Amino acid sequence: MNAERERSAAAILDKIVGSYDIRGVAYETLTPEVAGALGAAFADYLDAGDIIVAHDMRISSPDLADAFARGAVRRGSTVAYAGLSSTDQLYCASGLFAAAGAQITASHNPACDNGIKMCFAHAKPVGRANGLLDVRDGARAYLAKGSIPVREGGRLESLDTLEDYIATMLRLVPLEGTRRLKVVVDAANAMAGHTVPALASHLPSLEIVPLFFDLDGTFPNHEANPLEPKNLRDLQAAVRESGADLGLAFDGDADRCIVVNERGEIVPPSALTAMIAEGEIARARSDAHSRPVVIGNAVSSRAVREIVEAAGGEYVRTKVGHSIIKQVMAEREAIFGGEHSAHYYFRDFFFADSGMLAALHVLRALERAGEVPLSALLERYAPYAVSGEINSRVAEPVTDVLERVATLCVERGARRDDLDGVTLTHWDDSHDPSERWWLSVRASGTEPLVRLNVEAANEATMERMRDLALAAVQNERGLPDGRTTRDSGKEEAQVASEKKSQSEESWVANLLRCPACHGKLDLRVEPISCTACGRTYTREGDVPMLIV
């Protein structure tokens, strides 16, 4: 065994194997050779069990899927090659055929990346706690050796999973066709362009307005990451211009779905979690489930717990991460789970996540609401002011960042818990209702980022705590009025001058509103963007040109 090859293999695999899946740069860190070794190691872990292998539309995906499949075949597995597939389509096949699965995808990552999501039979998750590290170590040994020995019995066959997937979707959430709905769908040139047309052909009550349905792994229009507001601008504009009832945006492998309402406003994923949970609880209670369990992660809105408990359900809070939520759902036999990142998990879908099922739940709720628009239907599920997830790159240990934020908040009377990163809660009955807030700060499990989420009873409190916490994350010094400046040894006069300038900017920022929808404007980005409807505005000099 070559020592240099072993060191190289270890370095590559340590870099690309994450908490829940594998992500790397295609043909650089995630090569066909590496994919083949991972396929062989997964087959070994399964003791040559059956594996369904599928892939998304990325340019590198067919090569990597072929290599993974052939590596597994060399180690004795029967591999059913399913070709183009969304990730929830692969989960569906894994559940229906009781076989392990491997989806070649990098989800919402840039076009140069790729990755592998693996699951056991019945779509049970694979993560660091239950097999992913063993697969990594097995692949390392094969790469160090430079070959994969043949184990007898392996074979490769083909499998078409799309028809079964569509039938499963329609069985789990059947639409009644009582209301004709116009729906704009932004597929981002990714896998929703494969699954949505197949589903819509069975739903004559839907009028689909397609955006970017051509499969193109270079993402020529925008990245397939609907959590990034700039990637929703085309969808928001199309919804308003076409008079659609709603818009749907899927990520690269279509296991996540973001919804915008008829006004083009982004619907918080926690609001959808609360709405779907309420309906699923009612259905479960009608089937004699006395207190159905619903799962939410540590950064889901406080409203989710309130809605679940008011509906007669039990709310269970978990760490962020799909493998964690799937495991807890199975252990507690939860009927539903939702994450702030727009992952939605369903007991009847093998405890797996599906953006398509979530979208169908929204469509069915709109059907049953008569002529009520989506904005009105969802209003009571999003009663609080939220910051959205704010990501920061930091140059110091993440633990130092978390402790700094925690100290800041505890000094202000917050209660701390460390379930996932640090959550600080200032929302007890003893607190003034206008001063109730909570925030979460944690390290990303997939990227070198610190993630901040803030929620409060009102907008002003949320903005104040957001700015204070973000300043602590970025190691800035607080000013007396709550704003911040970098602690870089500036002269007092310079700080005072900057404080005056910042005060003036804040006054202007609080005064200005989007002339189209009166939403708040984000003056920190270029072009200026409305946080509600997504419209953008330019500047001439330093003057915002707020013209519709």
Side-chain angles (χ1 to χ4, degrees), residues 56-58 84-89 105-111 166 169 181-201 203 206-269 271-272 340-344 353-363 366 373-375 378 388-389 516-517 527 529-536:
D56 68 12
M57 70 298 127
R58 291 170 184 266
L84 276 171
S85 172
S86 65
T87 293
D88 63 337
Q89 185 181 335
T105 181
S107 185
H108 63 279
N109 278 30
I166 298 302
M169 296 291 108
L181 297 171
K182 180 184 282 189
V183 186
V184 182
V185 179
D186 186 341
N189 299 109
M191 290 314 301
H194 172 68
T195 55
V196 169
L199 179 71
S201 67
L203 298 171
L206 298 187
E207 178 186 349
I208 301 295
V209 180
L211 289 181
F212 317 132
F213 271 37
D214 293 336
L215 300 184
D216 188 338
T218 67
F219 306 118
N221 294 288
H222 60 73
E223 288 185 344
N225 181 8
L227 291 186
E228 180 61 52
K230 68 181 181 180
N231 296 327
L232 296 174
R233 289 171 185 165
D234 293 317
L235 176 66
Q236 291 171 307
V239 167
R240 291 190 296 264
E241 291 166 5
S242 67
D245 295 289
L246 74 161
L248 306 173
F250 292 86
D251 69 345
D253 59 337
D255 62 351
R256 288 191 295 173
C257 180
I258 287 287
V259 178
V260 303
N261 66 25
E262 78 286 354
R263 299 196 291 243
E265 299 163 343
I266 301 168
V267 175
L272 293 188
H340 75 297
S341 56
H343 282 285
Y344 306 98
D353 46 326
S354 171
M356 190 70 80
L357 276 179
L360 286 171
H361 273 277
V362 175
L363 294 172
L366 265 179
L374 185 60
S375 57
L378 292 177
E389 190 157 85
C517 75
S529 175
C530 175
T531 59
C533 72
R535 285 184 173 88
T536 58

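This one's a predicted model, so the numbers in the text were calculated from it and none came from an experiment.
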Which is it for L84 and Q89 under the side-chain contact (heavy atoms from CB on, under 4.5 Å) test, yes or no, and what are the steps along the way?
CA-CA 10 Å; L84 276 171; Q89 185 181 335; over 6 Å; no

Nearest atoms (heavy-atom pairs only) where L181 meets L363
CD1-O, 3.8 Å

For the atom pair CG (L215) and CG (D56), what is the distance rounded to the nearest 0.5 Å?
9.5 Å

Are D234 and H222 close enough, and set up right, to give a side-chain contact (heavy atoms from CB on, under 4.5 Å), and what steps lead you there?
CA-CA 9 Å; D234 293 317; H222 60 73; 3.7 Å; yes

Among L374, L246, L366, which one satisfies side-chain contact (heavy atoms from CB on, under 4.5 Å) with E262?
L374

Salt bridge (Lys or Arg N to Asp or Glu O under 4.0 Å) filter on E389, not counting sequence neighbours, yields R442, R451

Give, for atom CE of M57 and atom CG of D216, the distance between the pair rounded to the nearest 0.5 Å.
8.5 Å

For the student: nearest non-hydrogen atoms of V362 and L272, plus distance
CG2-CD2, 3.8 Å

Ring centroids only, cut at 6.0 angstrom: are H194 and F213 within range, meaning strictly under it?
no

Locate the shortest heavy-atom distance separating A188 from F219; write the atom from each residue and the value.
O-CD2, 3.5 Å

Tightest non-hydrogen contact, residues L211 and L235, listed as CD1-CA, 3.8 Å

As an exercise, state the distance from CZ of R58 to CE of M191, rounded to the nearest 0.5 Å.
11.5 Å

Check for a donor-acceptor pair, side chain of K182 on one end and backbone N or O of I208 on the other, with a separation under 3.5 Å.
no

Distance from H343 atom NE2 to S354 atom OG, nearest 0.5 Å?
11.5 Å

L360 vs L203, test: side-chain contact (heavy atoms from CB on, under 4.5 Å). Steps then yes/no.
CA-CA 11 Å; L360 286 171; L203 298 171; 4.2 Å; yes

For a quick test of your reading: what N or O donor-acceptor pairs under 3.5 Å do the side chains of residues 247-261 make, sequence neighbours left out?
unit_1, atom_1, unit_2, atom_2, d
D251, OD1, A254, N, 2.9
D251, OD1, D255, N, 3.2
D251, OD1, R256, N, 3.3
D251, OD2, S107, OG, 3.2
D251, OD2, R256, NE, 3.1
D253, OD1, S107, OG, 3.3
D253, OD2, T87, OG1, 2.5
D253, OD2, K117, NZ, 2.8
D255, OD2, K117, NZ, 3.0
R256, NH1, S341, O, 3.2
R256, NH2, H108, ND1, 2.9
N261, OD1, R263, N, 2.8
N261, OD1, G264, N, 3.2
N261, OD1, E265, N, 3.0
N261, ND2, E265, OE1, 2.9

For P220 and N189, which heavy atoms make the closest approach, and how far apart are they?
CD-OD1, 3.5 Å

Rounded to the nearest 0.5 Å, what's the gap from CG on L357 to CG on D88? Could you check?
7.0 Å

Reported CG-to-CG distance for the pair D186 and N221, which is rounded to 0.5 angstrom:
8.0 Å

